[in-house]
There are 2 protein chains.
Amino acid sequence: MKLHQLRYMLEVADNNFNVSEAADAIYTSQPGISKQIRLLEDELGVPIFARDGKRLVGLTAPGRKILLRARQVFREIDNINRIGQHYADEDTGSLTIATTHTQARYVLPSIIQRFLRRYPKVNLVIKQGYPEEIVNLVIDGKADLAIATEGVASRNELISLPCYQWHRCLLVAKKHVFLKKFANKNAKKIALAEIAEYPLITYDNAFAGQQHVLDVFENAGIKPNIIITALDSDVIKTYVELKLGVGLIANTAYDPKKDKSLGLIDVSHLFRPNTTWVGVSRGSFVRNYVFDFIEMFAPHLKKKSIMASLSTE
Amino acid sequence: MKLHQLRYMLEVADNNFNVSEAADAIYTSQPGISKQIRLLEDELGVPIFARDGKRLVGLTAPGRKILLRARQVFREIDNINRIGQHYADEDTGSLTIATTHTQARYVLPSIIQRFLRRYPKVNLVIKQGYPEEIVNLVIDGKADLAIATEGVASRNELISLPCYQWHRCLLVAKKHVFLKKFANKNAKKIALAEIAEYPLITYDNAFAGQQHVLDVFENAGIKPNIIITALDSDVIKTYVELKLGVGLIANTAYDPKKDKSLGLIDVSHLFRPNTTWVGVSRGSFVRNYVFDFIEMFAPHLKKKSIMASLSTE
DNA sequence: GACGCTTACGTTCGTCGTAACTATT
DNA sequence: AATAGTTACGACGAACGTAAGCGTC
């Protein structure tokens, strides 16, 4: 068995079982992949890919199991490379962060600036995606860290560490009546029914605990008029600016400097807070600068305690 | 990075850092290994082996970490091979059991007979060793199962399953006075002080909870006269037959048919029972016939429940 | 001088890519 | 005719083993 045979196999599986595409993706010839996969199947004594005539159309039962193991092999190969790099040069390497829109746009920029000043030689890559994609990127070794509110803590393949809590807040256009009534420090808190008097613009239901928002209205017997569900906060802001309604977004997505045309109302008494997590692949070798990044992001997460979670859990 | 480079590295580490020995062990040339290890170190950018002049004398810090990861790589490669074999032919393959003297000599023979009748094509290998060796064999992928009373349950790298409990028993020569006094079903139980009236022959202190035996005497304020400490039950039997004293052995090591020249006294009220465990490498692919073997050995351990422990724990 | 690793070099084997071929859609 | 995979084959490169070299105990 050769490593490149396993790599070819994974590449084919990751390219819709299209050998030609896989060949393009890894800059080699299609017959080469075909042959090496045959050799691997011959050596193991079982077919890995289900075939329809000559075409590969899926995995066999043993193929599915073999694939999982092969991924683990490459995870460890990656770790070995990381260990080499780590000892060869503490401050050089790469860091790929998979994260959501909100983090990438509002939370991470300042952290990343600090990080790159400290580690100018680290090759930093941000991959934006939806929670599930993010988590899979880390599990498949295509990203080092997952940062998101949803999906991270629930996956056993990752070690997840709570970073910070955020609350929902109500976004209104400038001079909105809510601002006078509720925006002052000592003002009384806004009630759910009052929010529902206006059309509501908020996150898509596929997102960050959005179901909870609906449940809160439901339980209160109030039916909000949700006119727009968006995939990111910027879209929500745009429509709130246009006075199409009030917005419900994460407080972290509100930037007092940039969002001068918008006002903020505290609604933390109405909805439960959310936790944003950082996820690391279980058992992976973590470079020092990655520990540092995590600590910059969430100062309570020290190398020592993360190390402990990595090995024991 | 090539698999055989990693293999060479492990082989050198497992052969006292002697490249020539490693070369002999895997039937290749010494310069070949030297070169490939250099190439690997060059690729990773760090030295793996500590050198004294030209000689390899140990591992560097990165080397230690890399070695652990490399072993994991081969564990998964082994698993892939097992998966292949499993689907290619359910009843063919190999099963290597690492176990102690007592198990190998007294407990396993009948099980193995049954097993081989059921799976005549399985290549069965028994490796005898001391608890620590046994466990390491499994961890290093050189054995599939560890069967022992000590050492198995304590290692986190293994899934350990309790198989059966055994008790200590007192072994005496034929016509010994104890036999009349204590061997009958309704006889009163022997007391610790009575045992201590005779020279005692028992297991070496390095062994299976032997410390417990000493503690029991100690706590009772009785000082036994231990004249021989042996590494296996057969040696103990030999000296008991010669009437040099009474023996304290595992009840599983007493065979009524073969040991006609010896008598047995129950002492289970004096010493705490011991549990014999079977250990499997965490996360390994387990062949069906291995599940069957375990069930033959400990009928309460069904495939389904073992599978559950393998994946969740 | 025996041991142990490295360097040098020719042989061999395996991998790769091109090209031709076959089978599906 | 286009797409997808296999077979065939020559070229190149990598790994191996032998032999010679170098340093150390």
Side-chain angles (χ1 to χ4, degrees), chain A residues 1-60 63 66-67 70 73-74 77 80-81 84, chain B residues 1-60 62-63 66-67 70 73-74 77 80-81:
Chain A
M1 193 184 319
K2 300 277 166 62
L3 276 182
H4 68 252
Q5 294 175 331
L6 296 180
R7 179 153 279 139
Y8 288 176
M9 177 186 80
L10 292 182
E11 206 59 42
V12 169
D14 288 345
N15 282 280
N16 304 307
F17 306 102
N18 184 318
V19 180
S20 308
E21 269 181 45
D24 288 348
I26 52 179
Y27 306 105
T28 185
S29 72
Q30 177 270 318
I33 295 190
S34 270
K35 183 157 196 198
Q36 293 304 321
I37 285 179
R38 288 272 162 173
L39 284 174
L40 179 61
E41 292 182 321
D42 287 352
E43 181 180 343
L44 295 177
V46 290
I48 291 168
F49 291 102
R51 291 174 169 77
D52 176 17
K54 288 188 173 181
R55 269 159 218 218
L56 310 194
V57 294
L59 290 166
T60 60
I66 290 169
L67 218 77
V73 167
F74 286 109
I77 298 284
I80 289 174
N81 281 315
Chain B
M1 194 183 320
K2 301 279 167 58
L3 275 182
H4 67 254
Q5 294 174 330
L6 296 179
R7 180 154 276 137
Y8 288 176
M9 177 186 78
L10 293 182
E11 206 59 42
V12 169
D14 289 346
N15 281 279
N16 303 306
F17 306 103
N18 184 317
V19 180
S20 308
E21 268 182 44
D24 287 349
I26 53 181
Y27 306 105
T28 185
S29 73
Q30 178 269 317
I33 295 190
S34 270
K35 182 159 195 195
Q36 293 305 318
I37 285 180
R38 289 269 161 173
L39 285 174
L40 180 60
E41 291 183 321
D42 287 353
E43 181 179 345
L44 295 177
V46 289
I48 292 168
F49 291 102
R51 291 174 169 78
D52 176 17
K54 288 188 172 179
R55 291 197 163 114
L56 309 193
V57 294
L59 291 166
T60 61
I66 291 169
L67 217 80
V73 167
F74 286 109
I77 298 284
I80 289 174
N81 280 315

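The sequence lines fix the lettering, A, B, ..., with proteins before strands; numbering per chain opens at 1.
For A:Glu11 (side chain) and A:Ala22 (main-chain N/O), no donor-acceptor pair under 3.5 Å exists by modelled atom type. With B:Gln30 contributing its side chain and B:Ala23 its backbone, the two residues share no donor-acceptor pair below 3.5 Å.
Nearest to the side chain of B:Thr28, among C:dT15, C:dC5, D:dC16, sits D:dC16. For A:Ser29, counting side-chain heavy atoms from C-beta on, the closest listed nucleotide (C:dC5, C:dG17, D:dC16) is C:dG17. The side chain of A:Gln36 lies closest to C:dC16 when the candidates are C:dG4, C:dC16, C:dA19. Distance from the side chain of B:Lys54 is smallest for D:dG21 among the nucleotides C:dA23, D:dT18, D:dG21. For B:Ser34, the side-chain atoms get nearest to C:dC5 when compared with the rest of D:dT6, C:dT24, C:dC5.
Within 4.0 Å of B:Phe49, counting heavy atoms only, lies no atom of the nucleic acid at all. B:Ser20 comes within 4.0 angstrom of sugar-phosphate atoms only, judged by non-hydrogen atoms across all strands, and of no base. Using a 4.0 Å heavy-atom criterion, one finds that B:Gln30 contacts the bases of the nucleic acid, with or without backbone contacts as well.
If you take CD of A:Glu21 and P of D:dA2, they are 19 Å apart, rounded to a whole angstrom. For the pair A:Phe17 CZ and C:dT24 P, the computed distance is 20 Å after rounding to whole Å. Going from atom NZ of B:Lys35 over to atom P of D:dA15 covers 8 Å, rounded to whole Å. The separation between A:Ile33 atom CD1 and D:dG5 atom P is 10 Å, rounded to whole Å. Rounded to an integer number of Å, the gap from A:Tyr8 OH to D:dG5 P is 15 Å. Atom CG of B:Asn16 and atom P of C:dC3 are 16 Å apart (whole Å). Remark: C1' of D:dA15 and CZ of B:Arg38 are 18 Å apart, rounded to the nearest angstrom. Atom CG of B:Leu3 and atom C1' of C:dG14 are 15 Å apart (whole Å).
Close to C:dC3, at under 4.0 Å from its OP1 or OP2, lies no side-chain N or O of B:Asn18.
Residue B:Arg51 is the one, among B:Arg51 and A:Lys2, whose nearest nucleotide of DNA chain C lies closer to the 5' end (criterion: closest heavy atom). Mapping B:Arg55 and A:Gln5 onto DNA chain C by nearest heavy atom places B:Arg55 at the nucleotide closer to the 5' end.
In plain terms, the two heavy atoms of B:Gln5 and B:Gln36 that are nearest each other are NE2-OE1, 3.0 Å. B:Val46 approaches A:Gly84 most closely through the heavy-atom pair CG1-O, 3.3 Å.
Just one residue in the list B:Ile37, B:Ile48, B:Ile26, B:Asn18 forms a side chain to side chain contact (heavy atoms under 4.5 Å, CB included) with B:Val12, and that residue is B:Ile37.
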